[in-house]
Amino acid sequence: MSISAPTYPIDSAPVDESAISAALHKYFGFGDFRPHQREIVRSILDKRDNFVVMPTGGGKSLCYQLPACLGRGACVVISPLLSLMKDQVDAANDNGIRAASYNSAIGEPLRRDALRRLNRSELDLLYVSPERFTMDSFRDTLLSADVNLIAIDEAHCISEWGHDFRPDYLALAGIVDLFPRIPIAAFTATATMRVQNDIITRLRLREPRIVRASFDRPNLNYSVIEKDDVESQLLCFVRERENQAGIIYRTTRADVEATAEFLQANGQAALAYHAGLDDAIRARNQDAFNKDEVPVVVATIAFGMGIDKSNIRYILHGDLPKNMESYYQETGRAGRDGEPAECVLFYRRGDIPKITHFINQVVDERERQRLHASLQTMINYGGTLLCRHKAILAHFNEDYPHGSCNACDVCNGAVETVDGTVDAQKILSAIVRTGQRFGAGHIIDIVAGADTVRIRKLHHDRIKTYGSGKNKQKMYWKTIVDELLAQEVIQQTQDQYPTLRLGSRAHAILKGEHPFSIVRKQEPKSVSKPKQTPAGVYDEALFERLRRLRSTLAREHEVPPYIIFSDKTLHDMAQKFPSSIEEMLLVNGVGEAKFARYGADFMREIDEYVSSHPGAPASAQQRLDSSSAASSRPATIRRGVTHTTDQTYKLVQEGFTIGEIADQRELRPSTIYGHVEELVKNRKVADISRFVSDGQRKKLTGLFRKLGTASLRTIVEHPQAHTTYEEARLVRTCLQIGQ
Ligand code: ADP
């Protein structure tokens with residue numbers, strides 16, 4: 001690979017580490033970086049090119065959003081998924097980052113507005129599609145604007161060796177010539193070394209800093225469950241996790257529909273999603289799931305690309321996935337917020353011959369071999385006695401450094417092996433003694449000592465093995481046959497009347513030279529249901545109330561609930577019971593802008609809960625203290641007076657405006673708006689004329705009366721409003737308390 005030396009000067013003022021940490025807290029509300037984030041941010045700020053492979057949920061977006069907030073000029077984000085752009089822009093704006101998108105999905109006025117803001121240096125982030133980026137007129141606009149970083153999301157799309165090649169991405173090849181002074185950061189969740197080299201060469205990245213994060217997702221709990229009556233098993237699993245968001249993957253459209261109907265018929269809200277559904281229905285179902293309106297989606301693998309939802313708590317596979325890459329990618333959609341999530345594969349050895357049969361229909365020999373190899377990987381995974389995290393990482397050539405993950409059925413002792421040598425010998429012997437000419441049903445009948453016409457006619461009741469296994473059910477013998485097939489001790493012919501034949505290992509087992517082990521797994525109902533967050537135990541009733549409030553606010557602001565606060569943030573609130581602004585700002589995920597927008601509502605909800613459950617904070621604290629998994633962050637939370645609002649109150653009484661108070665206190669105006677809103681609610685401040693002019697207040701009050709108070713966004717985006725969320729909220733608060 002030939003890489004030219006950097007041609008751009010290192011000309012920006014250095015940003016020190018404390019400013020980076022402060023921005024992490026201010027914009028994102030996070031106390032710590034996730035692995036690799038700090039070094040990537042640092043290197044972007046040092047104007048180096050970066051190439052980053054980080055798994056889904058690893059926190060890639062923060063790596064370019066944070067430098068965008070710290071530096072001068074805008075970061076242009078090239079992203080292929082139009083459907084995600086709106087949510088990405090909403091999420092950034094909610095964090096107080098000035099973001100917009102420029103694409104064909106938004107109307108001309110919004111596009112003009114985005115460019116106007118870009119030219120006036122009023123944007124931190126501009127999301128564009130690769131197609132747009134290739135247009136000359138758009139490039140000219142960028143060249144004349146103050147752009148300080150180009151981030152390429154889903155960078156694997158530029159490589160023909162990757163699994164999602166997009167010709168549009170090829171046009172990004174000339175990017176370094178056009179923007180020689182601007183660092184480029186390419187991100188992807190999946191890239192083999194070959195794809196990585198290809199991306200770096202095609203983009204001509206200049207001595208990029210290369211980061212390959214671990215593929216491990218420690219918060220995902222993997223398990224495999226013996227598949228039996230799969231629809232009932234899925235129902236049982238879902239019922240035990242009421243209100244939690246989950247995806248159930250099934251292979252065929254027919255199974256997707258049948259499973260969704262089965263769940264619905266049993267009182268479980270669930271929607272179907274597959275490529276055969278009408279576009280509008282698909283979009284509606286995805287939207288309902290995204291917005292937490294329905295907890296479960298039953299889908300084929302067509303579902304998932306456009307999903308950024310961070311609070312998916314489980315991914316169930318009702319059928320064997322086609323390969324390990326797909327399984328990793330599909331299960332990777334769970335727990336992006338870093339909270340525990342479950343990934344369960346329902347698997348039956350008996351499904352394998354059917355899949356093998358389909359694979360054998362593939363005409364191209366190389367493709368057929370590839371499919372067989374992929375199937376074998378999944379069979380090995382299903383039957384493994386190795387830690388599942390370790391098994392998955394091994395597939396991606398990564399070593400798992402820990403002895404036990406404590407987050408899979410194998411490490412948690414839910415899987416055991418039992419010796420099945422003698423029973424395997426009984427089946428093998430029956431196959432040999434009948435000349436390897438019969439199918440599984442007949443062989444099982446012989447071992448189980450069944451009295452059938454066929455057995456009598458063929459005199460198979462006279463062979464030595466007949467009835468040797470009559471003390472066990474036929475179902476058990478079927479499992480042994482499935483297991484022998486899965487471990488390739490025997491094979492099944494693929495003709496119209498499949499028969500069983502011995503494989504190369506069979507003789508050693510028959511002669512007792514080799515043992516034969518069977519893997520035994522737990523029933524679905526005993527799958528442990530994690531209620532502990534990594535940071536300790538939270539108050540579940542309060543969490544439920546906060547979750548409901550989040551849904552209400554999400555409808556009001558017309559954004560998906562997870563954009564308001566992640567589950568992790570709500571868990572943290574339900575553990576720490578913050579009662580002041582300072583305490584609230586210590587909650588993981590509560591940055592200044594989010595606090596200003598939503599903080600007061602959540603604090604009120606917590607307050608109301610504590611009034612009716614006065615012992616709750618103390619017992620949460622007790623549980624936290626005694627929890628061995630307690631957060632390393634000290635539990636400094638104490639219910640008390642809010643000093644910071646009091647300070648604002650004093651300045652309000654002295655007659656200062658919001659801008660003046662913000663300057664004096666070195667806080668953002670939005671934070672001061674939050675304080676004032678709290679003061680208005682507590683009826684400490686009655687006159688808001690200094691913060692919102694009488695004329696503006698009258699106009700906004702009129703709009704609220706006409707359009708209702710449910711959606712702030714409706715008011716803020718109303719052409720006559722000319723207002724901000726903060727101002728509109730303040731006016732609405734006055735209206736709501738009858739002031
Ligand atoms: P990716 O793009 O790599 O899939 P995202 O950027 O969407 O991941 O981040 C996944 C989730 O992790 C988001 O909910 C985000 O807010 C959260 N997150 C990112 N960085 C941190 C951090 N340093 N601390 C806590 N949560 C984080």
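One-based numbering, in listed order, for ligands and for the atoms of each. Predicted model, so just to flag it, every value in this text is computed and none were measured.
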**Report entry** Arg597 to Tyr725 six-membered ring, cation-pi geometry met (6.0 Å, 45°)
**Finding:**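 Flagged: Arg597 positioned over aromatic ring of Tyr725.
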Query raised in the report: Is it true that Asp601 and Arg729 make a salt bridge, defined as a side-chain N closer than 4.0 Å to a carboxylate O?
Result: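 A salt bridge is present here (some side-chain N lies under 4.0 Å from a carboxylate O).
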What protein heavy atom sits nearest [atom], and how far away is it?
atom: atom 15 (C) of ligand 1; answer: Phe30 CZ, 4.3 Å
atom: atom 14 (O) of ligand 1; answer: Ser310 CB, 3.9 Å
atom: atom 10 (C) of ligand 1; answer: Arg336 O, 3.4 Å
atom: atom 6 (O) of ligand 1; answer: Ser61 OG, 2.4 Å
atom: atom 17 (C) of ligand 1; answer: Arg34 NH2, 3.6 Å

Just by modelled atom types, is the [Y] backbone N or O under 3.5 Å from a matching donor or acceptor in the [X] side chain?
X: Lys60; Y: Pro55; answer: yes
X: Asp49; Y: Ile184; answer: yes
X: Arg313; Y: Gln244; answer: no
X: Arg217; Y: Ala334; answer: yes
X: Glu398; Y: Phe215; answer: yes

Considering the heavy atoms of [X], write down every atom of ligand 1 situated less than 4.0 Å from one of them.
X: Asp32; answer: 22 (C), 23 (N), 24 (N)
X: Phe33; answer: 23 (N)
X: Gly59; answer: 1 (P), 3 (O), 5 (P), 6 (O), 8 (O), 9 (O), 19 (C)
X: Thr56; answer: 4 (O)
X: Leu62; answer: 20 (N)

Record the part of [X] in heavy-atom contact with ligand 1 below 4.0 Å; permitted values are side chain, backbone, both and neither.
X: Ser566; result: neither
X: Gln37; result: side chain
X: Pro55; result: backbone

Report task. Answer yes or no for Gly338: is there a heavy-atom contact with ligand 1 below 4.0 Å? Result ->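 The answer is no: ligand 1 sits nowhere under 4.0 Å from a heavy atom of Gly338.
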Report summary line: From the list Arg336, Arg550, Lys309, salt bridge (Lys or Arg N to Asp or Glu O under 4.0 Å) with Asp567 holds only for Arg550
Query - Asp198 and Arg194: CA distance, side-chain angles, deciding distance, salt bridge (charged side-chain N to carboxylate O under 4.0 Å, His left out) verdict - result: CA-CA 6 Å; Asp198 198 29; Arg194 185 186 201 182; over 6 Å; no
Query raised in the report: N/O to N/O below 3.5 Å, does that happen between Met54 and ligand 1?
Result: no
Query raised in the report: With under 30° as parallel and over 60° as perpendicular, where do the rings of Tyr222 and Tyr381 fit, or are they tilted in between?
Result: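 Answer is perpendicular, since the angle exceeds 60°.
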